[in-house]
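Have a look at the structure below before the remarks.
Just follow the structure's listing: the first ligand is 1, and inside any ligand the first atom is 1. FYI, the numbering just counts along the sequence from 1.
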Amino acid sequence: MNGRTKLLNAINKNRAPQTTLNYKEKNSIEAFGENVFSMTVMKKRLPKDVFKSLSKTVENFSTLDAKVADVVASSMKDWAIEKGATHYAHVFFPLTGATAEKHDSFLEPDISGNAIAEFAGKTLIQGEPDASSFPNGGLRQTFEARGYTAWDVTSPAYIMESPNGATLCIPTAFVSWKGEALDKKTPILRSMQALNKQAQRILKLFGDHSEKIVSATCGAEQEYFLIDKAFYSARPDIQTSGRTLFGAPPAKGQQFEDHYFGAITDRVLAYMFDVERELYKLGIPAKTRHNEVAPGQFEVAPVFETANLATDHQQLIMVTLKKLAKRHGMECLLHEKPFAGVNGSGKHCNYSFGNATQGNLLDPGATPHENAQFLVFCAAIIRGVHKYAKVLRAVIASASNDHRLGANEAPPAIISIYLGDQLTDVFEQIQKGGAKSCKAAGIMKIGVDALPDLPKDAGDRNRTSPFAFTGNRFEFRAVGSDQSISGPLVAMNTIFADSMDYVATELEKATKGDASKLNDAVQSLIKKILDKHGAIIFNGDNYSEEWHKEAEKRGLPNLKTTPEALPVLMDKDVLEIFSRYKVLSKDEMASRYEIYLEQYILKVVVEAKTVVEMAQTIIYPAAVRYQTELAESCLKMKALGLDCDDSILKKMSKLIITLKTGISKLEKLIAHKDSDTLKEAKTCCNKMLPAMIEIRKAADELEGIIADDLWVLPKYQEMLFIR
Ligand code: ADP
Ligand code: MG
C-alpha cells in the first residue's frame, strides 16, 4: 500500500457526520444575534439619551461623541464579559482581502496587584495596531508606520467564540496617520455617502423630500468547494495556492449534473448546520444553501443587508466556512478555480439601493410615476456600467479569478448588462418615442403608462451574463469566490453616484423646479442615455464566439487578464471620478494599484515555485521509477528472446524530458526579476503561467500512464466526491 492508498482507506473509515450541535435543546434560529451587541441589546443596556445619540450616529453615518463612547464601551465590556470574553480585538480589512485582528486583554492590574477589567471609550473608538506588516503601496513611510483602526459604528460589535475562550470583536476602518485609507472598509463608507448624496437629488425631483438615507444593499452568494482534510494534507499545491496545479480531469466529473440541487450528503449537511448556527449567532442571516454545479461544490447566501454590513458579514462567512470545515474533517476551498476542467466558483453580488420611505429603488413599483423613477435609476446604471465597464473589470481582477473569467463557463472578461427581453423592449420604446408629447401607438410613455410585469423568476435569467437585472436588483456575477466584495461595491457605488449626478443635473436643468416638466425631461434623458450607452446591453449568450466579435465591434473593452485590467485604475477619468466623489484620492488609488499588482505577482510566483517543487520531488521520481520498471521488464523480455512492446516506455521517456526541460525553463523565469511591477506582472502572466501549463500537461499525461501504486498525489476523482 502506498501513501495514497493508506489515505483513501483512512478516509473511508472516517466519514461519519459530526454531531456538534444539540439542535433539539436549542434550535439555531433562537440563537440568531445572540453574540451581537446589536441595537436591541444596546437599547436595553444603555441609558436612554446615550442610546438616542448612538442611533443618530448610526443612521447618519456621523462620528461618535467621546462621552457617549465611554458609556457605550463600558456597557459593551460588561456584556462581553457576561458572555465569557476576556479579550477584545479591533478587526480590520487590509488590502490583501483578508480579515486581520489585533487582540488585547481587558485585564489591567491595579495598584494592589489585583486584576480589573478595563475598556475605555477611546479604546473602543480607536486602536493602533502595529500595522507595518500590512501592505500600504507606498502610503506609509516606515518612520510613520503606525496605522489607526477606528470603530465603524454602523457595524455592530460581536463575540467570536473559540474552544478555549471568547473575544469581543469591533469592526473598524484602518487608516494611516494622515487619514488615508489602508483598507477595504473606508472606501465602502465613503462611496455609500457619495451614492446617497446624488440619489437624494433624484428623489427630490420625484417628490421624495424625506432625506432618508439611500443605502446600497448587497446579498452575496458564496460558492465553495469541500474536500476531505486528508486530501488537503496530501496536496502541497492546494495548501500553498488553494488550487490544484496538477491533476488529470476526472473520467466522469461534471457529467454528474444531478449534483446540482441534488440531496446534500449527511456529512456536508452536518457541516452546513454548524456553519449556519455560527453565522446566526453573529447575526448573519444565512438563508439559502445548496449543491452547486460541480461535484463537491456548494453555495451559501445570506439575505441582503446594507453594503457595509454585507461586506463585514461576507468576510465572516468566509472565515466561518473555513474554520468549521476543519472541525468536520474537511477543508473549504474558496479559490475561483480549484480544479481545472471543473466548474469554478463565483460570488454573485446582488446589488441595489433604497431608503426607508420607498424601500428598494430598483423595484419597478406599481404606478407609472414609480416606474418613471425606476427607469431613471436603471438608466443611470446603464450609463455607469457602459462608461466604466473597465473599472468593474479591474476590481474583480486577481490571479485566481483570471482562471475563471477567461474560461468558457463563467462570465467572460467583457462586461455587459442583461436586462431581459421585457425591460429591453421598454427602453427601446422610449428610445423610439423620444420626447414626443403625444403617445405614438404601442410606444410606452413615461409617467403615463405602467411597465409590464418584469419576470423575477430564476428560470428566466441569463446565467451567462456578468451583470444581470433580476427583477428588482442587479447581479454582478463576475465577482470571484475568494474576493472581498468591497472592491465591486465601492466601484458600483462610485460609478453610479457619478451617473446619478449626471442624471440629476440634466433633469434639474430641464425642469427648473417645474414638476410638470419632469415626465418629458425623463423621457428625453432616457433616450439620450440609451442612444449613447445602449451598446452595453446584451441579452444573448455571453460565452459564444460571436459575442466576442460583436463586443469588439461595439467598442466594449475585453481585458482578459489581471495585468491588462489593473492599469485602468490609473486612467485619468477613473482617478477623476474616485477623487471627485471623495472615495479614493489619487495617492490612495495608486497605492491600491501597486498592492494589487504585487499580490498578483506574489500569487503566481508562489504557484510557480510549488509547480517546480512538486514536479521535481513528487512527479519526476514516480515517473523515473516506473520508467525503470518498464525498462527492466523490457530488457528481461529481450534476454528471453521475447518481443517487447516498448511504446509506453518511449512515450514516458519523452514526457519525462518535457517535464525536465519545463522545470528548468520555469526555474529561470522564477529567478528573473523585472525592475517594474507591471512588467513583472506581465512576465508572470505571459511567460510563467504558460510554462506552468506545459509542465502540467506532461505531468497529467504521466498520471494517466504511471502505475497507480506509484502515484502518490490524490486524484481528481477521489478528491471531488465528498461523501
Ligand atoms: P439565485 O441563486 O437565484 O440568484 P439566491 O436566492 O441564491 O438567488 O440569492 C439572491 C440574493 O439576492 C440573496 O442574497 C438576496 O437576499 C439578494 N437580494 C434580494 N433583493 C436584494 C436587494 N434589493 N438588494 C440586494 N440584494 C438583494
Ligand atoms: Mg445568483
Side-chain angles (χ1 to χ4, degrees), residues 32 188 191-192 195-196 199 212-224 259-262 264 272 275-276 279-280 283-294 297-318 321 343-365 370 373-374 377-378 380-381 409-411 417-420 423 454-479 481 485-486 488-493 496 542:
F32 191 84
I188 272 269
S191 68
M192 284 177 77
L195 185 85
N196 171 53
K212 287 282 174 209
I213 302 259
V214 172
S215 297
T217 52
C218 176
E221 304 159 53
Q222 173 76 54
E223 293 178 335
Y224 59 94
H259 178 77
Y260 193 57
F261 284 123
I264 302 168
M272 287 176 168
V275 167
E276 282 155 5
L279 296 180
Y280 285 177
I284 301 170
K287 178 90 176 155
T288 50
R289 54 151 105 115
H290 57 78
N291 287 346
E292 261 302 327
V293 183
Q297 192 186 29
F298 308 92
E299 179 185 298
V300 56
V303 176
F304 71 95
E305 301 174 289
T306 57
N308 167 43
L309 202 56
T311 308
D312 289 3
H313 281 172
Q314 222 295 303
Q315 293 293 124
L316 278 171
I317 290 175
M318 292 198 280
L321 283 173
N343 209 70
S345 298
K347 179 145 53 201
H348 302 171
C349 277
N350 294 271
Y351 174 90
S352 184
F353 34 76
N355 75 356
T357 46
Q358 305 206 37
N360 181 2
L361 294 168
L362 289 179
D363 205 331
E370 286 167 338
Q373 181 184 295
F374 158 75
F377 281 116
C378 222
I381 287 181
E409 34 120 344
I417 296 183
Y418 168 81
L419 280 186
L423 194 53
L454 301 174
K456 282 180 197 155
D457 164 35
D460 197 68
R461 290 187 210 160
N462 183 330
R463 300 210 166 257
T464 70
S465 173
F467 203 92
F469 182 69
T470 52
N472 60 0
R473 59 185 185 269
F474 281 89
E475 185 171 339
F476 189 9
R477 301 176 67 250
V479 182
S481 51
I485 57 173
S486 164
L489 292 175
V490 168
M492 286 191 277
N493 288 342
F496 301 147
N542 281 258

ask   = Taking it one step at a time, do Glu276 and Arg289 satisfy salt bridge (charged side-chain N to carboxylate O under 4.0 Å, His left out)?
value = CA-CA 10 Å; Glu276 282 155 5; Arg289 54 151 105 115; 2.7 Å; yes
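- Close approach to Glu299 involves these atoms of ligand 1, each under 4.0 Å from a residue heavy atom: 7 (O).
- Between His290 and ligand 1, no N or O atom pair is found at a separation short of 3.5 Å.
- Those atoms of ligand 1 that come under 4.0 Å of a heavy atom in Asn360, given as number and element, are 23 (N).
- In His348, neither the side chain nor the backbone holds a heavy atom less than 4.0 Å from any atom of ligand 1.
- Using a 4.5 Å heavy-atom threshold, the side chains of Phe353 and Leu195 count as touching.
- Side-chain atoms of Gln222 come within 3.5 Å of backbone atoms of Ser481 as a donor-acceptor pair (strictly under, hydrogens ignored).
- Of the candidates Glu305, Glu475, Glu223, Glu221, Glu221 brings a heavy atom nearest to atom 8 (O) of ligand 1.
- For Thr311, the side-chain contact (heavy atoms from CB on, under 4.5 Å) partners two or more places apart in sequence, or in a different chain, are Ile188, Ser484, Ile485, Ser486, Leu489.
- Remark: among candidates Phe353, Phe474, Tyr351, Phe304, the nearest residue to atom 27 (C) of ligand 1 is Phe304, based on non-hydrogen atoms.
- Residue contact check: Pro302 has heavy atoms under 4.0 Å from atoms 13 (C), 14 (O), 16 (O) of ligand 1.
- Under the 3.5 Å distance criterion, the side-chain polar atoms of Tyr418 are left unmatched by any main-chain donor or acceptor of Phe467.
- Across the listed options Asn350, Thr217, Thr306, Asn472, Asn350 owns the non-hydrogen atom lying nearest to atom 11 (C) of ligand 1.
- Comment: Lys347 does not engage Glu223 in a salt bridge, judged by the lack of any side-chain N to carboxylate O separation of less than 4.0 angstrom.
- For Asn355 (side chain) and Ile213 (main-chain N/O), no donor-acceptor pair under 3.5 Å exists by modelled atom type.
- When each atom of ligand 1 is checked for a heavy atom of Val303 under 4.0 Å away, the hits are 16 (O).
- Heavy-atom proximity to Thr288, at under 4.0 Å, picks out these atoms of ligand 1: 7 (O).
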